[in-house]
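The basis for the numbers below is simple: all heavy atoms, side chains too, and nothing from hydrogens, waters or symmetry mates. In the text below, chain A, chain B and the rest are named by the order of the sequence lines, each starting its count at 1. These figures come from a predicted structure and were not determined experimentally.
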Amino acid sequence: MSDRHILSLGCLGLVLLFVASLFIGAGDLSFRTIANGEMDGEALRLLLVSRLPRTVAAMLAGASLAVAGLLMQMLSSNRFVEPSTIGTTEAAGLGMVVVTLLAPGALIFVKALVAAGFAIAGTAVFLILIRRLRLKSGLLVPLVGLVLAGIIQAAAHFVAYRADLLQSLGAWSSGDFSMVLQGRYELLWIGAMLGSVALIAADRFTLAGLGRDVSVNLGLAYERVVALGLVIVSAIAAVTVATIGSIPFVGLVVPNLVTMTMGDNGRRIVPFVALWGAILVLGCDVLGRLLRYPYEIPVSVIMGVAGSALFLMLLARRRTAHG
Amino acid sequence: MIEASALTKLYGDSRVVDRVSLTLDQPGVTAIIGPNGAGKSTLLSMIARLLPIDKGRAFIDGLDVTRTKGSELARRIAVLKQENGLLARLTVRDLIGFGRFPHSRGRLTAADRAKVDEAISFLDLTPLSDRFLDELSGGQRQRAFVAMVLAQDTPAILLDEPLNNLDIRHAVAMMRLVRKAADDLGKIIVVVLHDINFASCYADRIIAMQEGRIVVDGPAAAVVTEETVEAVFGLPVMVREIEGQRTCLFRR
Amino acid sequence: MADVAASQRRGELGTARPLILLALLALSCCAIFLTIGAQGNWSFVLPIRAPKLVAMILVGHAIAFSTVVFQTLSGNRILTPSIMGVDALYGLIQTLTVFFAGMLFAANSNSMTLFLVQTMAMIGFALALYGTLLGRGARDLYKLLLIGVIVGVLFRSLSGFLQRLIDPNAFVVLQDRLYASFNTVETELLTVAAILIGLVTLAFWRLLPQLDVLALGRDTATSLGVDPVALMRLSLGLIAVLVSVSTALVGPVTFFGLLVASLAVSLVGSRRHAETLLAASLIAVICLVGGQTLLERLLHFDTALGIVIEFVGGLVFLAIVLKRGIR
């Protein structure tokens with residue numbers, strides 16, 4: 001099958017999921033009502049104010065998180081990292097706690113901006129740490145990330161605990177689309193826009209993934225590309241945390257599955273990564289609405305199970321010999 | 001072409017490279033040899049702007065490497081270090097295509113594609129060109145990276161220990177390629193080598209380093225003598241001409 | 001000969017001194033914890049504080065022992081039971097019991113039976129999973145470690161997932177069980193815990209010489225006549241008990257074991273388990289009791305100790321990795 005075939009099949013799947021997502025949920029809205037033209041104001045409002053934004057939010061978050069994961073893997077030349085396993089997401093959460101503490105009434109945009117600042121700092125610390133690692137094992141890098149994430153998380157917990165913000169921190173650290181309404185998710189578009197910058201600069205990021213020496217040799221402004229990637233990844237993590245909370249493993253599993261079959265050439269794979277990210281997150285969200293209908297299971301919980309299981313499979317498949 | 005004056009690299013108090021000056025302006029193969037820790041790779045990295053220069057200056061075509069834009073330099077000099085990125089699930093053709101990055105900035109033209117094909121056939125990679133790098137053997141992958149550097153189409157190429165991890169058959173094949181690139185394409189090639197015999201058989205000029213300094217610099221035949229090798233490596237050796245190849249043997 | 005004997009004695013004194021100091025420090029921490037701010041109200045203060053103190057000592061000791069021995073089994077200083085997800089496994093077993101046995105079991109049976117059943121299940125699962133993981137020989141340590149960490153994440157996610165599926169009342173029961181802290185320790189459970197930990201400690205004490213041999217490496221151990229596989233199985237079973245007890249008492253703490261074990265090794269500087277275990281155990285008590293006293297009495301933070309330990313322990317992990325690599 002050619003790339004184009006796969007892409008169109010994926011898009012078809014996404015459209016089907018999109019339609020399903022519009023009509024699944026606790027509120028009363030069935031496909032037949034619309035088909036029969038019996039849609040009243042109530043149903044229309046449910047569709048436009050809640051279901052549609054929710055569906056769009058899931059797609060945007062999934063696509064941009066998956067692309068952020070891919071970028072992070074290129075920047076650290078390592079397959080087993082993504083924003084939520086290296087401290088980026090946790091730092092964004094810490095930023096949200098701090099800004100909520102200092103300026104409770106700030107606009108969500110301002111909060112996301114502060115969170116992005118924290119996320120950039122956290123990611124920069126990670127990149128500096130892994131450059132200092134004497135033993136550059138491919139698997140030590142994600143470990144350092146996980147521990148750094150744990151430390152930042154502990155700091156966030158501590159501040160939240162002292163400031164009585166544990167509940168809010170809980171909301172930021174577990175992604176959930178059930179609270180998405182029109183007017184409260186639009187920041188995610190910024191994440192998606194930044195994600196498309198990744199497509200434009202795909203060649204540069206692919207080169208950066210080959211390491212500093214190769215990049216510099218080919219005349220790439222390596223540090224600048226890393227900085228650009230850092231900002232994109234952090235901003236995506238921050239807007240996701242600020243609007244719906246963090247969703248683990250999307251950025252890890254999707255790029256890995258795609259590169260396994262299609263390779264690392266950014267220009268070729270970024271659209272696929274975005275597409276599968278959207279499908280995976282929207283699929284998990286729909287599943288979360290169905291499993292215990294009419295109650296909901298947050299998308300982050302489902303992704304935690306599915307993602308870690310998939311990741312273990314990836315690890316098992318990987319031949320030990322490769323670095 | 002390549003010009004270095006009083007290049008120095010400091011790690012703490014120790015001078016890893018100590019006021020090294022050299023000029024390379026003739027097409028051909030130049031080998032840098034010397035014991036471990038002599039500063040060979042560090043020197044190469046500084047000339048190729050992969051490592052910051054602590055003291056002294058390096059020029060490529062008269063352009064100061066620390067002041068010139070990376071993309072300018074990338075059209076004049078190419079360098080290949082031993083360590084290559086871990087993220088290498090690119091096809092051979094994709095990788096070699098990236099060698100054209102300094103010229104195309106990522107959008108390959110027909111001329112770029114021709115250069116890529118040329119490099120592929122020059123290194124006999126045609127049957128492998130659509131394979132992923134991580135499916136290749138070490139020697140094949142090394143060849144793919146050399147092809148990328150060739151596709152970069154620069155007058156000067158620096159190779160840092162290109163024979164590492166290659167068995168004898170692939171090592172000889174690699175050195176023949178290096179020779180061929182210098183002879184057929186008229187390139188200035190600098191190779192850091194561990195094995196003095198490879199230098200002796202394939203290089204036109206040999207630069208021997210010791211403790212950060214150049215101790216000998218001259219035509220291969222003049223450098224590979226019993227006295228010089230003994231002085232550089234601190235090891236008594238015999239140098240014999242065997243069927244026209246100057247060969248260095250250690251003494252029992 | 002006399003010289004050798006003398007230097008040996010000096011050597012013993014050399015490691016004995018830090019141990020004695022640690023013991024004194026631990027004792028004074030305990031004394032301060034019991035008495036600070038009591039103002040003579042002994043009959044009121046002691047019954048509240050004493051069980052808390054006992055719980056902390058038991059947990060500290062359990063984590064210290066399980067970590068040090070686990071590090072020997074895996075042959076390096078970075079793998080610890082909690083980093084490898086052992087306590088997450090216990091959490092999952094707890095959730096599973098509530099999930100499948102439902103309210104009935106959780107509410108009616110006394111917590112003791114439940115606890116013992118869970119501990120048995122824990123031993124079984126830990127042997128099956130970690131026996132396989134470690135049994136292959138830590139050829140690729142990083143892979144093993146990463147698998148362990150992600151297995152932990154999987155267990156925690158599964159627990160979270162199941163908790164969402166069960167009925168909200170049962171969930172409350174479970175939450176009480178999972179997030180018990182030193183402030184709400186059941187005395188009954190404490191007695192059982194003390195007995196179990198005592199027995200395991202005794203068992204480990206008898207295994208010490210063999211563990212010392214295993215620390216030289218699996219191949220060496222085999223050639224010296226110690227069966228590494230059998231020893232590993234036995235030790236893993238005992239570790240599972242320790243982790244069950246400590247997790248049942250206070251819930252999961254990821255980096256505490258690592259913190260304590262690396263402090264112990266750097267302080268005692270000995271590869272002999274008797275000393276390392278003792279030191280680790282004392283350091284654990286000092287950290288827990290001293291830390292709790294400090295946070296509670298001086299800084300007036302109530303239950304943030306776990307968070308602080310997490311933070312400091314994480315930093316220690318990074319420092320080890322950056323300084324020495326992983327061995």
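The CG atom of Leu218(A) lies 9.0 Å from the CZ atom of Phe98(B); values are rounded to the nearest 0.5 Å. If you take CZ on Phe132(B) and CE on Met260(A), they are separated by 11.5 Å, rounding to the nearest 0.5 Å.
Sorted by first and then second residue, the side-chain hydrogen bond (donor to acceptor under 3.5 Å, both in side chains) pairs involving residues 34-46 of chain B (not counting sequence neighbours) are Asn36(B)-His194(B), Ser41(B)-Asp160(B), Ser45(B)-Lys81(B).
Proximity of a side-chain donor or acceptor of Gln152(B) to a complementary backbone N or O of Asn217(A) within less than 3.5 Å is detected.
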I'd like a table of donor-acceptor pairs (distance under 3.5 Å, sequence neighbours excluded) in which one partner is a side-chain atom from residues 25-35 of chain B, with atom names and distances.
none

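A pairwise comparison of heavy atoms in Met148(B) and Val214(A) identifies CE-CG1, 3.8 Å as the closest pair. Among all heavy-atom pairs drawn from Val216(A) and Arg49(B), the shortest one is O-NH2, 2.8 Å. Minimum interatomic distance between Leu90(B) and Asn265(A) (heavy atoms only, all atoms of both residues): CD2-N, 3.4 Å.
Chain B is approached within less than 4.5 Å, heavy atom to heavy atom, by Ile200(A), Asp203(A) from residues 192-203 of chain A, ordered by number.
In this structure, the side chains of Asp213(A) and Val79(B) stay at 4.5 Å or more apart for every pair of heavy atoms.
Looking at residues two or more places apart in sequence or on another chain, you find a salt bridge (charged side-chain N to carboxylate O under 4.0 Å, His left out) between Arg15(B) and Asp18(B).
Ranked by heavy-atom pairs shorter than 4.5 Å toward chain A, the options Leu51(B), Leu73(B), Asp94(B) are led by Asp94(B).
Looking at Leu95(B), the atoms closer than 4.5 Å to chain A (heavy atoms on both sides) all sit in the side chain, from C-beta outward.
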